[in-house]
Amino acid sequence: MKKLPISLLCMLSIVTAYAKPHCQGFNNYDNKVTITFTDDDAREKYIVTEIKLINCGKEQSPTAVKTNIEKGVATVVVTFPHATRFSNPKVSLRVNGKKVKFAVCQ
């Protein structure tokens with residue numbers, strides 16, 4: 001019975017240690033959509049795949065992706081084709097194989 005609280009505490013710390021990417025910037029200039037997001041828990045390996053912008057019920061693939069890791073913080077700049085309307089935009093992607101979704105800051 002004593003092992004159950006310890007196990008639960010360990011599982012909780014593992015879940016909270018997994019940082020999630022969050023939006024740092026968004027713009028719709030120069031005939032393109034640019035979204036910048038960061039992840040504070042980037043290790044040596046930060047592989048971003050399957051990136052999609054979900055906007056107005058449609059998915060768009062990026063035209064460019066640039067990733068930089070510095071002192072454990074990953075900064076990713078993703079460029080999408082120009083959009084004229086935005087309705088609750090989100091970005092869906094995989095980070096090191098784990099599926100993640102975050103809201104785009106406006």
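Because only heavy atoms are used, hydrogens play no part in the values below, and waters and symmetry mates are left out as well, while side chains stay in.
In terms of heavy-atom proximity, Cys23 sits nearest to Ile35 at SG-CG2, 4.4 Å. Nearest heavy-atom pair, Lys32 versus Thr79, reported as atom, atom and distance to 0.1 Å: CD-CG2, 3.6 Å. Of all heavy-atom pairs between Ile51 and Pro62, the closest is O-CD, 3.2 Å. Of all heavy-atom pairs spanning Ile54 and Glu59, the tightest one is CG1-CG, 4.0 Å. For Ile69 against Glu44, the heavy-atom pair with the smallest separation is CD1-O, 4.0 Å. Thr63 approaches Phe80 most closely through the heavy-atom pair OG1-N, 4.1 Å.
Taking the six-membered ring where tryptophan is involved, the planes of Phe102 and Phe37 are tilted, since the angle between them lies from 30° to 60°.
There is a side-chain donor-acceptor pair under 3.5 Å between Lys52 and Ser61. Between the side chains of Asn96 and Tyr46, no donor-acceptor pair is found at a separation under 3.5 Å.
A donor-acceptor contact shorter than 3.5 Å links the side chain of Asn55 to the backbone of Arg85.
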Run Asn28 and Phe86 through side-chain contact (heavy atoms from CB on, under 4.5 Å) and show every step you take.
CA-CA 10 Å; Asn28 195 21; Phe86 292 93; 3.5 Å; yes
Apply side-chain contact (heavy atoms from CB on, under 4.5 Å) to residues Lys99 and Ser92 and explain how you reach the verdict.
CA-CA 7 Å; Lys99 192 162 186 154; Ser92 172; 3.8 Å; yes
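Within the 4.5 Å cutoff, the side chain of His22 has heavy atoms near those of the Thr38 side chain. Side-chain contact check for Cys105 versus Gln24: every heavy-atom pair is 4.5 Å or farther apart. Residues Val77 and Thr34 meet the side-chain proximity criterion, which asks for heavy atoms closer than 4.5 Å. A 4.5 Å side-chain heavy-atom check between Val33 and Pro81 finds every atom pair outside the cut-off. You'll find the side chain of Asp39 stays beyond 4.5 Å of the side chain of Val76, heavy atoms only. For the pair Thr36/Phe26, no side-chain contact is recorded, criterion being any heavy-atom separation below 4.5 Å from C-beta on. Leu93 is not listed as a side-chain neighbour of Glu50, based on a closest heavy-atom distance of 4.5 Å or more. Residues Lys66 and Asn68 fail the side-chain proximity criterion, which asks for heavy atoms closer than 4.5 Å.
Note on Val73 and Val48: separate hydrophobic clusters, where clusters join Ile, Leu, Val, Met, Phe, Trp and Tyr whose side-chain heavy atoms are under 4.5 Å apart, directly or indirectly.
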